[in-house]
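The next block holds one structure in the form of structure tokens; read it before the comments.
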Protein chains: 2
Amino acid sequence: MEPNISFVASLIGDAARASMLTALMGGKALTATELAIEAGITSQTASSHLSKLVDGQLLIVRKQGRHKYFQLKGSDIAQLLEMLLNVTSKITHSKTVTGPSDPRLRQARVCYDHLAGELSVALFNSLVKNAWIEDNGINDSEARLTSTGKACFTELGVDFNILNTSKRPVCKACLDWSERRSHLAGALGQWILNDLFNKGWASKDLDSRAVHFTPAGLKLFAKKYDIPLLLPTHSH
Amino acid sequence: MEPNISFVASLIGDAARASMLTALMGGKALTATELAIEAGITSQTASSHLSKLVDGQLLIVRKQGRHKYFQLKGSDIAQLLEMLLNVTSKITHSKTVTGPSDPRLRQARVCYDHLAGELSVALFNSLVKNAWIEDNGINDSEARLTSTGKACFTELGVDFNILNTSKRPVCKACLDWSERRSHLAGALGQWILNDLFNKGWASKDLDSRAVHFTPAGLKLFAKKYDIPLLLPTHSH
DNA sequence: TCACTGCTTCGATGAGCATCGAAGTATTAT
DNA sequence: ATAATACTTCGATGCTCATCGAAGCAGTGA
């Protein structure tokens with residue numbers, strides 16, 4: 001028999017659980033109360049939801065003192081959620097005219113473990129333009145690291161020996177639900193995001209999904225990857 | 001605001017609708033009664049479900065006489081469902097020991113518009129071995145047509161001028177939920193499946209997801225793509 | 001015209017489940 | 001010790017929605 005899709009889908013198919021899951025797309029582990037607030041429900045209800053999500057293997061939980069920290073079980077779950085975001089936004093956009101959005105989320109946000117939003121799309125385009133990566137697909141998740149790219153990234157501090165040991169692909173294109181264009185995911189995308197945080201160029205916002213750049217950090221970031229900086233409110 | 005994932009997920013999160021959707025992964029358009037039978041419900045209930053799926057933009061419908069033919073709205077929907085199949089099978093497999101399955105489905109089945117199952121994985125491996133395509137990712141959807149591959153496929157009758165006009169990627173790796181390994185998707189994967197049907201080497205089974213090869217067709221297929229043929233019941 | 005099939009609408013039924021208040025158990029703080 | 005916080009369990013409530021019978025509409029064939 002084919003696996004029973006409806007089980008996993010129904011877990012995601014509740015409004016409260018869905019907002020918890022999208023909150024966890026920020027990559028950070030969150031406590032039960034934080035998630036309850038995020039979903040706008042009481043802690044009792046949240047507790048029930050969270051145990052279902054853990055039973056359903058969508059989340060893992062780590063107990064720390066009197067807190068319980070929840071996070072997505074793996075990148076495959078994150079990928080599933082991102083694809084749901086894509087499909088959903090495509091569907092709802094056709095109804096609600098054009099996609100409104102929190103401007104901070106539009107500009108830069110975390111997609112589980114890599115950068116998403118306008119800036120990440122600009123980054124991706126620059127990488128393609130400078131032939132660090134090749135983008136084969138039009139709509140889809142194909143990307144390839146060139147030898148130039150490998151050399152340049154190595155110079156920037158990437159250790160491909162380490163990246164290659166992980167089971168996940170190094171270089172991967174991920175479709176952005178707000179921009180509808182590709183951005184960089186995979187182990188390399190993760191490295192870039194971490195690099196941003198390590199260098200203090202950007203930090204996660206309180207709502208944990210938006211990424212806030214410092215003015216200086218933004219300039220350095222743009223310079224490092226040769227990204228043409230646009231005005232904050234540039235025409236669509 | 002972020003799109004409301006729960007809406008789409010809850011559409012899939014019903015057992016009856018889910019079996020309808022997986023049935024439509026066969027790529028063929030099915031009538032309302034066929035889908036009702038597939039889901040094991042009455043036609044009234046099916047009608048209600050189907051109108052929800054159409055409203056929700058997961059399906060498109062085409063009226064033909066007194067019949068209504070339903071099919072998945074696009075390849076992105078199919079991709080979403082396939083990913084759900086992957087996640088679900090990974091989750092349920094860890095509980096229900098090892099994945100049992102209809103042997104015909106395991107061997108060869110249709111995944112929306114391309115071939116899936118043991119044979120498709122074998123095909124993919126042969127293509128990689130002979131350097132027609134390159135497989136970059138380990139777990140993920142990356143694949144790249146080599147120049148050799150392009151030449152060879154052209155010789156087999158593929159017209160890349162036509163394939164390239166479509167918006168979808170030509171060459172794409174798709175993770176198999178039964179095999180947990182990559183097989184070929186994309187426009188090229190679609191071409192191969194159609195080629196199989198056109199040549200009469202294989203046909204869709206009555207249950208519309210399994211693909212039945214003729215003995216002669218299987219041999220010719222294996223020869224064409226240099227696939228080592230295994231015994232029907234080969235050890236896992 | 002009449003019968004048959006495919007699909008839809010309406011209404012009633014019933015089950016599942018999200019929700020929260022109240023109470024209970026840990027864990028940490030004062 | 002006492003209080004406060006974080007989370008869970010239990011029970012009651014109420015809503016949503018899948019389900020099907022009955023009836024109706026439309027397209028097809030005799």
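Residue numbering restarts at 1 for every chain, and letters A, B, ... go by the order of the sequence lines.
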Worksheet item: Among all residues two or more places apart in sequence or in another chain, which pass the ring pair (Phe, Tyr, Trp, His ring centres under 6.0 Å) test with A:Phe221?
Response: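 So A:Phe221 forms a ring pair (Phe, Tyr, Trp, His ring centres under 6.0 Å) with A:Phe213, A:Tyr225.
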Fill in: B:Glu82 versus B:Cys111, closest heavy-atom pair with distance
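Smallest interatomic distance, heavy atoms only, reads OE1-SG, 3.2 Å.
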Worksheet item: Do you know the tightest heavy-atom contact between A:Leu24 and A:Gln71?
Response: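 The pair with the smallest heavy-atom distance is CD2-CA, 4.1 Å.
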Worksheet entry | A:Leu11 backbone acceptor or donor facing A:Arg17 side chain under 3.5 Å |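 Pair found, side chain donor or acceptor close to backbone of A:Leu11.
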Worksheet entry | Flag, side chain of A:Thr45 to backbone of A:Ile41, donor-acceptor distance under 3.5 Å |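 It does not hold such a pair.
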Practice prompt. Evaluate the side-chain proximity of B:Ile192 to B:His114: yes if any heavy-atom separation is below 4.5 Å, no if none is.
Written response: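 Contact flag for B:His114/B:Ile192 side chains = no.
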Worksheet item: Does a side-chain heavy-atom distance below 4.5 Å link B:Lys204 with B:Val110?
Response: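 In short, these two side chains touch, coming nearer than 4.5 Å.
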Worksheet item: Looking across every strand, which nucleic acid part, if any, lies under 4.0 Å from B:Ala16 by heavy atom: base, sugar-phosphate, or nothing?
Response: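 Result for B:Ala16 = sugar-phosphate.
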Using a 3.5 Å cut-off and no angle test, enumerate the donor-acceptor pairs between side-chain atoms of residues 60-67 of chain A and protein atoms at least two apart in sequence or in another chain.
none

Please report the distance, rounded to the nearest Å, between [atom1] in [X] and [atom2] in [N].
X	N	atom1	atom2	answer
A:Leu35	C:dA18	CG	C1'	17 Å
B:Leu30	C:dC7	CG	P	11 Å
B:His67	C:dT8	NE2	P	13 Å

Worksheet item: Near DNA chain C, under 4.0 Å by heavy atom, which residues of residues 41-54 of chain A?
Response: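 Listed by number, they are A:Ile41, A:Thr42, A:Gln44, A:Thr45, A:His49, A:Lys52.
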Kindly give the atom pairs (protein nitrogen or oxygen, nucleotide nitrogen or oxygen) under 3.5 Å for nucleotides 26-30 of chain C.
unit_1	atom_1	unit_2	atom_2	d
C:dT27	O2	A:Arg66	NH1	3.4

Discussion item. Can you pull out every salt bridge (charged side-chain N to carboxylate O under 4.0 Å, His left out) where at least one residue sits in residues 186-202 of chain A? Sequence neighbours excluded, please.
Written reply: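 Qualifying pairs, neighbours excluded: A:Asp195-A:Lys199, A:Asp195-A:Lys224.
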Practice prompt. Would you tell me whether A:Thr22 and A:Ser19 have side-chain atoms, one donor and one acceptor, within less than 3.5 Å of each other?
Written response: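 No, A:Ser19 and A:Thr22 have no side-chain donor paired with an acceptor closer than 3.5 Å.
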Worksheet entry | Side-chain donor-acceptor pair present, A:Glu34, A:Thr31, cut-off under 3.5 Å |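 A:Glu34 vs A:Thr31: donor-acceptor pair found between side chains.
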Fill in: Contact interval (first through last nucleotide) of DNA chain D with protein chain B, 4.0 Å heavy-atom
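Counting from the 5' end, contacts occupy D:dA18 to D:dT28.
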Worksheet item: Between A:Thr31 and B:Arg17, which has a closest nucleotide on DNA chain D that is more 5'?
Response: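 Checking each residue's closest nucleotide, the 5'-ward one belongs to A:Thr31.
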Practice prompt. Starting from the 5' end of DNA chain C, give me the residue, B:Tyr69 or A:Asp14, whose nearest nucleotide shows up first.
Written response: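 Of the two residues, B:Tyr69 wins.
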